[in-house]
Amino acid sequence: SEKTPRILSIQSHVVSGYVGNKSATFPLQLLGFEVDAINSVQLSNHTNYKVFKGQVLNDKDLEDLVDGLAQNNLDNYTHLLTGYVVCDPVMGDNGRMYVPEPLKEIYKTEIVPLADILTPNQFELELLSGIKISTMSDLQTAVKELHKAGPETVAISSTEIDDKLIAIFSAIKNNALIKIDIPKIPSNFTGSGDLFAALFLAHMYLQDNMKDAIEKTVNSLHSVLLKTYEYSQVCKDEDSQPARKIELRLIQSKSCIENPEAHLLAEPF
Ligand code: ATP
Ligand code: PLP
Ligand code: MG
Ligand code: MG
């Protein structure tokens with residue numbers, strides 16, 4: 001029988017809600033992956049709430065965990081997924097960095113070159129490429145710069161050019177550049193970027209080609225966000241903060257993750 005893919009996922013943990021490993025683990029397991037999670041931080045809840053409290057895993061703690069895995073020969077992974085560290089270079093959004101500035105150079109010179117698949121948002125793409133993006137042509141130039149640094153596949157989960165929401169996927173192999181238009185839902189989600197990276201990793205492995213991987217990823221994600229948005233509109237709990245009402249409805253979206261419908265279609269760009 002074929003070997004089960006086994007992912008080491010190094011991301012945030014939140015006790016309540018869904019970002020980081022909480023947003024990636026369940027969908028990956030549903031799609032048939034073994035997921036071993038290392039929690040890079042453990043917080044009460046994500047950082048868009050009024051208050052958040054918790055602990056950060058330091059380098060010694062991380063080394064200990066990896067050492068334990070290695071001594072038991074458990075460090076035989078097929079994939080590595082990281083948020084606050086490879087693949088998804090979480091640095092900021094909407095013009096604001098949420099990690100310390102020196103991390104930008106470390107990402108550029110040490111981490112990005114190690115990634116096969118990179119999933120920056122538009123702001124992170126600007127930081128990593130040094131190119132300010134206002135047109136599609138800027139975007140293409142910036143993506144080429146990132147390929148030069150190493151990653152075979154670059155997925156920009158969302159760009160807002162001319163007020164339209166588009167996801168862009170680029171593969172060095174066969175020079176493919178693919179886009180997919182995404183209808184904008186009038187809300188701000190948290191954990192959606194992390195879910196995007198997890199689903200894209202899964203479908204790049206499960207599907208035969210990048211077009212299918214993109215369509216499955218974006219359609220699953222969009223269904224989860226729609227379900228989440230609908231719930232936020234009907235949720236009557238007066239004690240809930242806005243951040244609480246818009247927590248991803250992952251478990252309720254089980255079937256959209258297992259069998260995404262093909263509403264949104266990818267096209268050459
Ligand atoms: P990061 O995780 O660093 O914030 P990002 O900014 O790309 O990356 P999101 O803004 O959460 O992450 O977007 C991830 C995906 O979620 C996008 O591809 C898009 O499909 C979807 N998405 C997020 N917000 C919306 C929205 N308001 N309407 C429709 N789709 C959305
Ligand atoms: N991890 C933590 C602890 C966060 O607070 C956030 C955002 O607030 C994220 C990760 C990233 O979430 P997203 O997937 O929306 O980028
Ligand atoms: Mg974002
Ligand atoms: Mg993210």
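Note that this is a predicted model, so its numbers are computed, not measured. Start at 1 and go down the list; that is how both ligands and their atoms are numbered. The figures that follow rest on heavy atoms only: side chains count, while hydrogens, waters and symmetry mates do not.
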(message) Whether the N21 and S9 side chains hold a donor-acceptor pair (N or O, under 3.5 Å, no angle test) is what I'd like checked.
(response) yes
(request) With heavy atoms under 4.0 Å as the rule, classify the contact between I185 and ligand 1 as side chain, backbone, both or neither. (result) both
(request) Quick one: look at E124 and ligand 1, take heavy-atom pairs under 4.0 Å, and tell me if it's side chain, backbone, both or neither. (result) side chain
(message) For the CD atom on E258, are there more than 12 heavy atoms of other groups (residues, nucleotides or ligands in this structure) within a distance under 6.0 Å?
(response) yes
(request) Classify the contact between L165 and ligand 1 as side chain, backbone, both or neither, using a heavy-atom distance cut-off of under 4.0 Å. (result) side chain
(message) Residue-level breakdown please: for P120 versus ligand 1, do any non-hydrogen atoms fall below 4.0 Å on the side chain, on the backbone, on both, or on neither?
(response) neither
(request) Find the distance between CD1 (I38) and CG (D61) and round it off to the nearest 0.5 Å. (result) 10.5 Å
(message) Counting neighbours of CG on N72 that are heavy atoms of other residues, nucleotides or ligands and sit closer than 6.0 Å, is the number greater than 12?
(response) yes
(message) Looking only at distances, can you tell me whether any N or O atom of V14, backbone or side chain, sits closer than 3.5 Å to an N or O atom of ligand 2?
(response) no
(message) Test of understanding: given a 4.0 Å heavy-atom threshold, classify the contact between S187 and ligand 1 as side chain, backbone, both, or neither.
(response) backbone
(request) Would you check if the distance from the ring center of F169 to the ring center of F200 is below 6.0 Å? (result) yes
(message) Heavy-atom distances under 4.0 Å decide this one: backbone, side chain, both or neither, for D194 against ligand 2?
(response) both
(request) Could you tell me whether K22 sits above the aromatic face of Y18, with NZ or CZ closer than 6.0 angstrom to the six-membered ring centre and within 45 degrees of the axis? (result) yes
(message) Within the 4.0 Å heavy-atom shell around N48, which atoms of ligand 2 are there?
(response) 8 (O)
(request) Mind checking whether S157 contacts ligand 1 via backbone (N, CA, C, O), side chain (CB onward), both or neither, at a 4.0 Å heavy-atom cut-off? (result) both
(request) Heavy-atom contacts with L221 under 4.0 Å: which atoms of ligand 1 show up? List them by number with element. (result) 15 (C), 16 (O), 20 (O), 21 (C)
(request) Select the closest option to atom 29 (C) of ligand 1 among G191, S192, P183, judged by heavy-atom distance. (result) P183
(request) Give yes or no for whether the N/O distance cutoff of 3.5 Å, strictly under, is met between T190 and ligand 2. (result) no
(request) May I ask you to list the atoms of ligand 1 that are less than 4.0 angstrom from any heavy atom of F189? (result) 24 (N), 25 (C), 26 (C), 27 (N)
(message) Evaluate D194 for polar contact with ligand 1, using N/O atom pairs at a separation under 3.5 Å.
(response) no
(message) Test your reading of the structure: does L225 have an N or O sitting under 3.5 Å from an N or O of ligand 1?
(response) no
(message) What I want to know is whether D93 and ligand 1 share at least one N or O pair that is separated by under 3.5 angstrom.
(response) yes
(message) Name the residue from T228, L165, L225 that meets the side-chain contact (heavy atoms from CB on, under 4.5 Å) definition with I185.
(response) L225
(message) Using a 4.0 Å cutoff against the non-hydrogen atoms of L43, which atoms of ligand 2 qualify?
(response) 3 (C)
(request) Classify the contact between N188 and ligand 1 as side chain, backbone, both or neither, using a heavy-atom distance cut-off of under 4.0 Å. (result) neither
(request) May I ask you to check whether H79 and Y205 place their ring centres under 6.0 Å from each other? (result) yes
